[in-house]
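First up is the structure itself, then whatever we jot down about it.
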Amino acid sequence: MSAREIILKRLRERSDGPLQAPQSDFTVVTGRGWSPQERLERFERLITSVHGEVIHTTHAEWTKRLIELLAAKSIRRLALGHEHPVPVAARTALRNQGVELVDVDRDIEDWKREQFETVDAGLTSTGGAIAETGSLWLWPSPDEPRLISLVPPVHIAVLDADAIEDTFFDVIETHGWAGGMPTNALLISGPSKTADIEQTLAYGVHGPRELVVLIRHQREAT
Amino acid sequence: MSVQHFIPQTYTPQAFHRQAHEALDDPQIRANFRRAMDGLITKRRDVFSDWDLEALRELGANIRLRALAKLPDLLEQLEANCQANGIRVHWAENGEAACRIIRELCEARGAKSVIKGKSMVSEEMHLNAHLEEAGIEALESDLGEYLVQLNEQTPSHIIMPAIHLNTDEISEILHDKTGTERTRDVDYMTAAARAQLRERFMAADVGISGVNFAVAETGTLCLVENEGNGRMTTTVPPVHIAVTGIEKVVEHLRDVPPLYALLTRSATGQHVTTYFNMISSPRKPGEHDGPEEVHLVLVDNGRSGIYQDNELLDTLRCIRCGACMNHCPVYTRVGGHTYGTTYPGPIGKILMPHMLGLEATKDLPTASSLCGACGEVCPVKIPIPDLLVRLRKESVGEGRGNVPGAGVKRSRKELLAWKGWQWLATHPAAWRGSTVIAGKLRALTPAKLGPWTEYRTAPKPAKVSLHALVKAHREELAGEGRS
Ligand code: SF4
């Protein structure tokens, strides 16, 4: 018998007999009923509490804020995709701005060291966010691969204000994640951190030192 | 700073008592743990303050119970869905078999260098040593694990492996082993480790990680972390091998959010970790990063034995949050290494006897005052104190005899003493007679009674027993009432 068969047999022929599976009541992780304003405030409060930065902008203005942000952080080489509307708009706006746009539609094996050592920031879109925990959710794609939100020292994420939902449970249910998961799905809640040296927080231990979220609103906030 | 922590030492569960004495005599160890655990206790309390914690714990326990109730079916479903996604699944009856599977996977790729994310199961089976013997270098990339590995130690906590070391000690280790400057600057040390490990991520042939939850419904492996080393490990090298205990499976994707909410809050008092990494397949055509091969190694190593028994089964609900050790008065005083086992603290005491047998671990279930703190904080409501009592019974041969090494502590003398006591306590006349005799002979009680009198004075029977006193008092009252 293979190890598989032995293990399964032992589990199936349990000496105390078969077990009853209880029903689960998920009320405690859903039904928050927050207003858009409450969601936004909560998301911002939580992600900034773990060192994330938030910049509020509009759909019309966001690339201007991006240009200012890159200048303020002296970002000279920015990694970004080609196809998603977010990198497409960024590419257009950043033409002749003195920022080198790094293509990411290359297999990592061909530019590992380049990505690890010479890229200042990665720009990505997001699928949405979770108010309860201050988390972004991302489904990396061929256009926006997994490592550009991890390897460069700064990660800039673009989020639409109306894509913030209440809880992680709600996101999984409303978007039907169980119906088909991507190669990699991610929640990101702040920059990389550690407390392994005597409980003292330090940022950027392996991933980005900084996470900046550009939140796009429909209109200018009054 | 004392230098003795830098001497690599081998700890064993058999030497628990000696190790506990040594740890108690070391003010540095006690201070390091006390400070850390106090902080964690406060943070956990604060982060749950706006939750219906009982409802959440109830749901967490219920999800784990449901997964265990359907365990064999869910494992098959997990396997089928992983395979459909392109993840190759392997089964290992014990740690040795799992090590062999992983080594062979490495050898098939001609791998010389392996980078590891945090995995307690890999610690449980001593994977690093096994790979080293085969000439494959395995480097830990979680900062705490990296420090512990540099210092030739094992983790002293399942979530915070280097919690026993303070800043000065870590500075010294990094200076010694990697040539960094001596400093108290945590950012400098973190940056140094980042630079050292980035080289290794780029060069690694294989990445090995653990799994926090394996979702049967979708064939998804979930990893919880703050540092990003787990994402690096599972994305940069061409091969990713995930290794996990068979009990880590959950039925549905929607079972994950409640467990994740409980895990981060219970472990470190965080409302969420920086990353929640869900892996469902190797790199697909057209994708530009991620491993070409993903393997899942399902390890039994004693778990299917625990599974047989309705009471012991609760042990398998554990989501490895570490809250039970953070709140344990024994763990806080003696530290993690003292236990001499991969999993220290309360969870170690109820889990390790099944893996190593009660012969080796007989002192662990008794290293508890049964204060109940662990059971009260456990996010999946494992009745740890009850399980400790059960293992105590097993070790003296008074249980069901289905734990390896059951009956190892059975002693005829002790048994006779208890039997005698039992008889006496259930025969009132004999009992009263014996207390009168004990009162008369009280001068003869020995002053030394083995370990009992090491820190206490020997008990001495009272001249007149409580029974007799109460009786006299009652008679007195009755007399007054009459007059
Ligand atoms: S026994 Fe409970 S408290 Fe201890 S590590 Fe496991 S889940 Fe956490």
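Side-chain atoms are counted along with the backbone in the values below, which use heavy atoms only and exclude waters and symmetry mates. Order of the sequence lines fixes the chain letters, A, B, ..., with proteins taken first and strands second; residue numbering starts at 1 for each chain.
- Note on ring orientation: taking the six-membered ring where Trp is involved, the planes of Trp177(A) and Phe168(A) are perpendicular (angle over 60°, cut-offs 30° and 60°).
- Donor-acceptor pairing under 3.5 Å is lacking for the side chains of Tyr275(B) and Ser192(A).
- Heavy-atom pairs under 4.5 Å with chain B were tallied for Ile172(A), Asp110(A), Leu8(A); the largest tally goes to Leu8(A).
- Not one N or O on the side chain of Arg64(B) forms a donor-acceptor pair closer than 3.5 Å with the backbone of Ala61(B).
- Arg35(B) touches chain A through its side chain: at least one heavy atom from C-beta onward sits under 4.5 Å away, while N, CA, C and O do not.
- For a residue to count as touching a neighbouring chain, one of its non-hydrogen atoms must lie under 4.5 Å from one of that chain's; by this rule Glu109(A) touches chain B with the side chain only.
- Heavy atoms from other residues, nucleotides or ligands lying under 6.0 Å from NZ of Lys9(A) number 12 at most.
- Between Asp120(A) and Arg77(A) there is no salt bridge, since no side-chain nitrogen of the basic residue lies less than 4.0 Å from a carboxylate oxygen of the acidic one.
- Only the side chain of Thr218(B) has a heavy atom closer than 4.5 Å to any heavy atom of chain A.
- Only the side chain of Tyr260(B) has a heavy atom closer than 4.5 Å to any heavy atom of chain A.
- With a 4.5 angstrom heavy-atom cutoff, Asp73(B) touches chain A via backbone and side-chain atoms both.
- Aromatic ring centroids of Phe201(B) and Phe116(A) lie 6.0 Å or more apart.
- Using a 4.5 Å cut-off between heavy atoms, Asp50(B) contacts chain A through its side chain alone, with no backbone atom that close.
- Proximity to chain A (any heavy atom under 4.5 Å) is shown, for Leu56(B), by both the backbone and the side chain.
- A salt bridge links Arg91(A) to Asp103(A): one of the charged nitrogens lies within less than 4.0 Å of a carboxylate oxygen.
- Considering only heavy-atom pairs separated by less than 4.5 Å from chain A, the leading option among Thr190(B), Ile63(B), Leu40(B) is Thr190(B).
- Only the backbone of Arg106(A) comes within contact range of chain B, with heavy atoms under 4.5 Å apart.
- Legend: residues meeting salt bridge (charged side-chain N to carboxylate O under 4.0 Å, His left out) with Asp314(B), ordered by chain and number and at least two apart, are Arg317(B).
- Scanning residues 24-34 of chain A against chain B with a 4.5 Å heavy-atom cutoff picks out Ser24(A), Asp25(A), Phe26(A), Val28(A), Val29(A), Arg32(A), ordered by number.
- Heavy-atom distances place the side chain of Ser49(A), and not its backbone, under 4.5 Å from chain B.
- Top candidate by heavy-atom pairs under 4.5 Å with chain A, chosen from Ala193(B), Pro257(B), Ala162(B), Gly228(B), is Pro257(B).
- Residue contact with chain A, scored on non-hydrogen atoms closer than 4.5 Å, involves the backbone and the side chain of Glu287(B) alike.
- Using a 4.5 Å cut-off between heavy atoms, Arg265(B) contacts chain A through its side chain alone, with no backbone atom that close.
- Contact count against chain B (heavy-atom pairs under 4.5 Å) is highest for Lys193(A) among Gln199(A), Glu117(A), Lys193(A), Arg209(A).
- Residue Ser135(A) touches chain B through its side chain alone, counting heavy-atom pairs closer than 4.5 Å.
- Val104(A) has its side chain out of reach of His288(B): every pair of non-hydrogen atoms, C-beta onward, lies at least 4.5 Å apart.
- Each of Thr200(A), Val171(A), Ile7(A) has some count of heavy-atom pairs under 4.5 Å with chain B, and the biggest count is that of Ile7(A).
- Between Leu174(B) and Leu147(B), some side-chain heavy-atom pair lies under the 4.5 Å cut-off.
- Arg45(A) is linked by a side-chain contact (heavy atoms from CB on, under 4.5 Å) to Arg42(A), counting only residues two or more places apart in sequence or in another chain.
- In this structure the side chain of Ser171(B) never reaches within 4.5 angstrom of the side chain of Arg184(B), judged on heavy atoms.
- Proximity of a side-chain donor or acceptor of His157(B) to a complementary backbone N or O of Ile159(B) within less than 3.5 Å is detected.
- In plain terms, the two heavy atoms of Leu312(B) and Ile306(B) that are nearest each other are O-CG2, 3.3 Å.
- Checking side-chain atoms of Asn62(B) against main-chain N and O of Gln23(A) turns up a donor-acceptor pair under 3.5 Å.
- Ion pairing between Arg4(A) and Glu76(B) holds under the 4.0 Å rule for side-chain N and carboxylate O.
- In this structure, the side chain of Asp309(B) engages the main chain of Glu311(B) through a donor-acceptor pair within 3.5 Å.
- Salt bridge status for Asp196(A) with Lys118(B): absent, with no side-chain N to carboxylate O gap under 4.0 Å.
- Across Ala3(A), Gly204(A), Gly207(A), Ala185(A), the residue that shares the most heavy-atom pairs under 4.5 angstrom with chain B is Ala185(A).
- Side-chain atoms of Trp91(B) and Leu75(B), non-hydrogen and from C-beta on, do get closer than 4.5 Å to each other.
- Heavy-atom distances place the side chain of Ile246(B), and not its backbone, under 4.5 Å from chain A.
- Both the backbone and the side chain of Asp255(B) come within contact range of chain A, with heavy atoms under 4.5 Å apart.
- Of the residues considered (Arg283(B), Met160(B), Lys70(B)), Arg283(B) shows the highest number of contacts with chain A, using heavy-atom pairs under 4.5 Å.
- Taking every heavy atom of both residues into account, Pro72(B) and Tyr307(B) meet most closely at CD-OH, 3.8 Å.
- Top candidate by heavy-atom pairs under 4.5 Å with chain A, chosen from Glu93(B), Arg231(B), Glu251(B), Arg66(B), is Arg231(B).
- With hydrogens and angles left out, the side-chain atoms of Asn229(B) and Glu145(B) include no donor and acceptor closer than 3.5 Å.
- Of the atoms belonging to Gln20(A), it is backbone heavy atoms, and not side-chain ones, that fall under 4.5 Å from chain B.
- Atom CD of Glu96(B) sits in a sparse spot, with 12 or fewer heavy atoms from other residues, nucleotides or ligands closer than 6.0 Å.
- Among the candidates Ile188(A), Thr183(A), Thr194(A), the residue making the largest number of heavy-atom pairs closer than 4.5 Å to chain B is Thr183(A).
- Nearest heavy atoms, Val215(B) versus Cys222(B): CG2-SG, 4.0 Å.
- Interface remark: Val50(A) contributes side-chain atoms only to the contact with chain B (heavy atom separation under 4.5 Å).
- With a 4.5 angstrom heavy-atom cutoff, Pro191(A) touches chain B only via backbone atoms.
- Residue contact with chain A, scored on non-hydrogen atoms closer than 4.5 Å, involves the side chain of Glu199(B) exclusively.
- Residue Leu143(B) touches chain A through both its backbone and its side chain, counting heavy-atom pairs closer than 4.5 Å.
- For a heavy-atom cut-off of 4.5 Å, chain B lies close to Pro142(A), Pro145(A), Arg146(A), Leu147(A), Ser149(A), Leu150(A), Val151(A) in residues 136-152 of chain A.
- Leu313(B) touches chain A through its side chain: at least one heavy atom from C-beta onward sits under 4.5 Å away, while N, CA, C and O do not.
- Put simply, of Glu198(A), Arg14(A), Lys112(A), the one with the most heavy-atom pairs under 4.5 Å next to chain B is Arg14(A).
- Looking at Leu65(B), both its backbone and its side chain come within 4.5 Å of chain A, counting heavy atoms on both sides.
- Side-chain N or O atoms of Asp160(A) include none that pairs as donor or acceptor with a backbone N or O of Ala163(A) at under 3.5 Å.
- Side chain of Glu169(B) to backbone of Asn166(B): a donor-acceptor contact under 3.5 angstrom is found.
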